[in-house]
Amino acid sequence: MELRFPEIETPDDAALEKGRLLFAGETEFLKGVVAMNGLPPADRVEVCFAGRSNVGKSSLINALTGRKGLARASNTPGRTQEINFFTAGEIYVVDLPGYGFANAPVAVVEKWQRLLKQYLSGRQTLRRVFVLIDARHGAKAVDEEIMTLLDRSAVTFQVVMTKIDKVKGPALAEALTRTRTALAKHPAAFPELILTSSEKGDGIANLRAVIAGIEA
């Protein structure tokens, strides 16, 4: 029996084409930022990606932009220490440091967390945060912590489920239910989920369309 999941983001053909065109051009790494005074000019729409370490964030950004080596994944969870900015057309795509685990001294982790909070609450051109959640597990307590931070910062966010090719139908349905239950507590959350597989390419066109539809 085919499983049907309500509240899944399903852009129409025009939106899909707009998304394709946005990412059909050149996408470049701009800079890595370790302090707020290093941020690039706030002169365009900005979207960012947040997620637990090893959730597949770098792989998703590479699939989104069509460039395999653009965002560099590390074999060491929590190793990314910078806010990385990429240009895609007329927008910034931003890769945030992974949260929830870091193979680093406590003082370094606290510095990352402080920078993350400052960025999320103080970047006026940030239009949406995409919170990545592993489809094999659904939302965890550490994900809800970042969601609460986004609520307090009045930053809208949308959940992107990653690695959907790694989980079977009933288990996926359970993870989606668990994630939606978590989202219901957060006023800054979009109800629609985006389901993706960076390895198989599932949902990448939908994610591009959603980003292209975000207005200044």
State, yes or no, whether a side-chain contact exists between [X] and [Y] at a heavy-atom distance under 4.5 Å.
X: Val47; Y: Tyr92; result: no
X: Arg123; Y: Thr125; result: yes
X: Leu96; Y: Leu120; result: yes
X: Ser59; Y: Lys57; result: no
X: Val160; Y: Val131; result: no
X: Glu82; Y: Lys31; result: no
X: Val93; Y: Thr65; result: no
X: Pro97; Y: Ile83; result: yes

Exercise for the section: Test side chain to side chain contact (heavy atoms under 4.5 Å, CB included) on Asn84 and Phe86 and set out the steps. Expected result: CA-CA 7 Å; Asn84 290 313; Phe86 305 89; 4.0 Å; yes
In Å, rounded to the nearest 0.5 Å, how long is the span from [atom1] of [X] to [atom2] of [Y]?
X: Arg178; Y: Ile133; atom1: CZ; atom2: CD1; answer: 10.0 Å
X: Leu126; Y: Leu150; atom1: CG; atom2: CG; answer: 8.5 Å
X: Leu64; Y: Leu60; atom1: CG; atom2: CG; answer: 6.0 Å
X: Ile146; Y: His186; atom1: CD1; atom2: NE2; answer: 11.0 Å
X: Leu193; Y: Arg180; atom1: CG; atom2: CZ; answer: 5.0 Å
X: Asn206; Y: Thr196; atom1: CG; atom2: OG1; answer: 10.0 Å

Tell me if a side-chain donor or acceptor on [X] pairs with a main-chain N or O of [Y] at a distance below 3.5 Å.
X: Arg136; Y: Thr162; result: no
X: Thr179; Y: Gly138; result: no
X: Asp134; Y: Val55; result: no

Counting neighbours of [atom1] on [X] that are heavy atoms of other residues, nucleotides or ligands and sit closer than 6.0 Å, is the number greater than 12?
X: Glu90; atom1: CD; result: no
X: Asp43; atom1: CG; result: yes
X: Arg152; atom1: CZ; result: no

Hey, any chance [X] and [Y] share a hydrophobic cluster, counting ILVMFWY side chains that come within less than 4.5 Å of each other, even indirectly?
X: Leu16; Y: Leu21; value: no
X: Val34; Y: Leu116; value: no
X: Ile8; Y: Leu183; value: yes
X: Met161; Y: Phe190; value: no
X: Val45; Y: Leu207; value: yes

Handout entry: Worked check of side chain to side chain contact (heavy atoms under 4.5 Å, CB included) between Phe85 and Asp95
Key = CA-CA 7 Å; Phe85 281 77; Asp95 182 12; over 6 Å; no
What are the two closest non-hydrogen atoms of [X] and [Y], and how far apart are they?
X: Ala135; Y: Leu172; result: CB-CD1, 3.9 Å
X: Val33; Y: Gly38; result: CG2-O, 3.4 Å
X: Ala139; Y: Ala182; result: CB-CB, 3.9 Å

Lys/Arg-Asp/Glu bridge criterion (N-O < 4.0 Å) met for [X], [Y]:
X: Glu144; Y: Lys185; result: yes
X: Asp202; Y: Lys200; result: no
X: Arg52; Y: Asp143; result: yes
X: Arg127; Y: Glu46; result: no

Handout entry: Ser197 and Asp165 side chains, donor-acceptor separation under 3.5 Å
Key = yes
Exercise for the section: For Tyr119, check ring-ring contact (aromatic ring centres under 6.0 Å, His included) against everything at least two apart and list the hits. Expected result: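 Not a single residue meets the ring-ring contact (aromatic ring centres under 6.0 Å, His included) criterion with Tyr119.
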Exercise for the section: Go through the steps for Glu199 and Lys163 under the test salt bridge (charged side-chain N to carboxylate O under 4.0 Å, His left out), then give the verdict. Expected result: CA-CA 8 Å; Glu199 185 174 324; Lys163 307 181 183 181; over 6 Å; no
Exercise for the section: Show your working on side chain to side chain contact (heavy atoms under 4.5 Å, CB included) between Gln158 and Arg128 and close with a plain yes or no. Expected result: CA-CA 7 Å; Gln158 187 165 14; Arg128 192 172 306 179; 2.8 Å; yes
Practice task
Please list, chain by chain and in numerical order, all residues satisfying side-chain hydrogen bond (donor to acceptor under 3.5 Å, both in side chains) with Glu28, sequence neighbours excluded.
Solution key: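 So Glu28 forms no side-chain hydrogen bond (donor to acceptor under 3.5 Å, both in side chains) with any residue.
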Practice task
For the pair Leu22 and Ile91, evaluate side chain to side chain contact (heavy atoms under 4.5 Å, CB included) and give the outcome as yes or no after the intermediate values.
Solution key: CA-CA 9 Å; Leu22 174 63; Ile91 70 169; 3.9 Å; yes
Problem - Parallel, tilted or perpendicular, as decided by the 30° and 60° cut-offs, for the rings of Phe49 and Phe130 - result: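 Parallel, since the angle between the ring planes stays under 30°.
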Practice task
Establish, for the pair Arg67 and Phe23, whether the NZ or CZ atom is under 6.0 angstrom from the six-membered ring centre and no further than 45 degrees off its axis.
Solution key: no
